[in-house]
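In what follows, a structure is listed as structure tokens, so that the remarks can point back to it.
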Amino acid sequence: MDNTDRMLLMEIEGGIPLSDHPYREIGRRTGIPESEVIRRLQILRTQGVIRRFRARIDQRKAGITANALVAWDVHQADVSSLGARVAEFPGVTHCYRRRPVPGRWDYELYTVHHSRRREDLCNEVAEIAADTGIDTYLVLFSGAEYKRSPTGSLRNRKEQE
């Protein structure tokens, strides 16, 4: 991977242009001919540097405005089995374990949920609670989004350098 490849990766990680000729557009912005953009991206894909192309949707613009982190109070011995069980619910997009702070923050299992309506999200969480028997939890709704970017972003790394 050379500097041109890195430049292409930084160019596309923010999104491929919505255009009839997106690679031509990328080429115009980077000074690389369209055919070279396509060739390089194909090589990066074959090498596994690019794992996939996918759409990243702006949830709020798509009407998904109820976003919440749910902290579940579970017994430490049950975290793994309950985590696996909770993760199976279709509305759970992330499920993870964090170390609690005894006496200050006892929650150890977390899930992330997205919905168009708060009521639907709360119903979903209540369904999980009823199904799993977890009776103590907090639903923490997002109020504002200040940053959302892919992890390991080349652009973010370059900005930090």
Subject >> Connected via hydrophobic side-chain network under 4.5 Å: L8 and V49 >> reply: yes
Original post:
Does L138 reach the side chain of V70, with side-chain heavy atoms less than 4.5 Å apart?
Top reply: no
Original post:
Between D78 and V74, is there a donor-acceptor pair closer than 3.5 Å when you use the side chain of the first and the backbone of the second?
Top reply: no
**OP:** Identify the heavy atoms of S80 and R97 that sit nearest to each other, and give their distance.
**Re:** OG-NH1, 3.9 Å
Original post:
Is there a side-chain contact between Q47 and L44 (heavy atoms, below 4.5 Å)?
Top reply: yes
**OP:** Please examine the side chains of D73 and Y137, heavy atoms only from C-beta on, and report whether any two atoms are closer than 4.5 Å.
**Re:** no
Subject >> Donor-acceptor contact below 3.5 Å, side chain R116 vs main chain A62 >> reply: yes
Original post:
Would a distance-only check, ignoring hydrogens and angles, find a side-chain to backbone donor-acceptor pair under 3.5 Å from T93 to V112?
Top reply: yes
Original post:
Stepwise, does the side chain to side chain contact (heavy atoms under 4.5 Å, CB included) test hold for T111 with F89?
Top reply: CA-CA 10 Å; T111 53; F89 281 81; over 6 Å; no
**OP:** Give a yes-or-no answer on whether the side chains of H113 and S115 include a donor-acceptor pair shorter than 3.5 Å.
**Re:** no
Original post:
Would you say D131 and R85 make side-chain contact, with heavy atoms under 4.5 Å?
Top reply: yes
Original post:
Are E145 and N67 close enough, and set up right, to give a side chain to side chain contact (heavy atoms under 4.5 Å, CB included), and what steps lead you there?
Top reply: CA-CA 10 Å; E145 184 176 287; N67 301 294; 6.0 Å; no
Subject >> Cation-pi geometry met for R98 and Y107 (6.0 Å, 45°) >> reply: no
Original post:
Between CD of E88 and OG1 of T132, what distance do you get to the nearest 0.5 Å?
Top reply: 12.0 Å
Original post:
Would you say the side chain of I38 lies within less than 4.5 Å of the side chain of E34, judging by non-hydrogen atoms?
Top reply: yes
Original post:
How many angstroms lie between atom CD1 of I64 and atom CG of D58, to the nearest 0.5 angstrom?
Top reply: 9.5 Å
Original post:
Taking side chain as C-beta onward, heavy atoms only, is R29 less than 4.5 Å from P17?
Top reply: yes
Original post:
Could you give the distance from CG (D106) to CZ (R104), rounded to the nearest 0.5 Å?
Top reply: 11.0 Å
Original post:
Does D20 CG have over 12 foreign heavy atoms under 6.0 Å away?
Top reply: no
Original post:
If you look at every heavy atom in R54 and R52, which pair is closest and at what distance?
Top reply: CD-NE, 3.7 Å
**OP:** Can you see which heavy atom on C95 is nearest to which on A87, and at what distance?
**Re:** CB-CB, 4.0 Å
Subject >> Joint cluster assignment, M7 & F53, ILVMFWY side-chain distance < 4.5 Å >> reply: yes
Original post:
Do V139 and L121 come close enough that some side-chain heavy atom pair is under 4.5 Å?
Top reply: yes
Original post:
Does S142 reach the main-chain N or O of A144 with its side chain, forming a donor-acceptor pair under 3.5 Å?
Top reply: no
**OP:** Give the C-alpha distance, both sets of side-chain angles, the deciding distance and a yes or no for side chain to side chain contact (heavy atoms under 4.5 Å, CB included) between N123 and E119.
**Re:** CA-CA 6 Å; N123 288 340; E119 180 184 354; 3.9 Å; yes
**OP:** Kindly check if the number of other-residue, nucleotide or ligand heavy atoms within 6.0 Å of CD (E36) is above 12?
**Re:** yes
Original post:
Going only through I, L, V, M, F, W and Y residues with side-chain contacts under 4.5 Å, is there a path from I134 to Y96?
Top reply: no
Original post:
Under the 3.5 angstrom rule, does the side chain of R40 hit a backbone N or O of S35 as a donor-acceptor pair?
Top reply: no
Original post:
Out of curiosity, does L69 fall in the hydrophobic cluster containing L109 (side-chain heavy atoms, cut-off under 4.5 Å, transitive links)?
Top reply: no
**OP:** Kindly indicate whether the side chain of I32, heavy atoms from C-beta on, has any atom under 4.5 Å from the side chain of I26.
**Re:** no
Subject >> Spacing of CD belonging to E11 relative to CG belonging to L41, to within rounding of 0.5 Å >> reply: 10.5 Å
Original post:
How far apart are the C-alpha atoms of R117 and C122, what are their side-chain angles, what is the distance that settles it, and do they pass the side chain to side chain contact (heavy atoms under 4.5 Å, CB included) test?
Top reply: CA-CA 9 Å; R117 299 177 340 142; C122 288; over 6 Å; no
Original post:
With hydrophobic residues grouped by side-chain heavy-atom distances under 4.5 Å, do W72 and Y110 end up in a single group?
Top reply: no
**OP:** Could you check E108 against R99 for salt bridge (charged side-chain N to carboxylate O under 4.0 Å, His left out), going step by step and ending with a plain yes or no?
**Re:** CA-CA 6 Å; E108 192 162 347; R99 184 175 298 163; over 6 Å; no
**OP:** To the nearest 0.5 Å, tell me how far T30 OG1 sits from M10 CE.
**Re:** 11.0 Å
**OP:** To the nearest 0.5 angstrom, please state how far the OH atom of Y23 sits from the CD atom of Q42.
**Re:** 8.5 Å
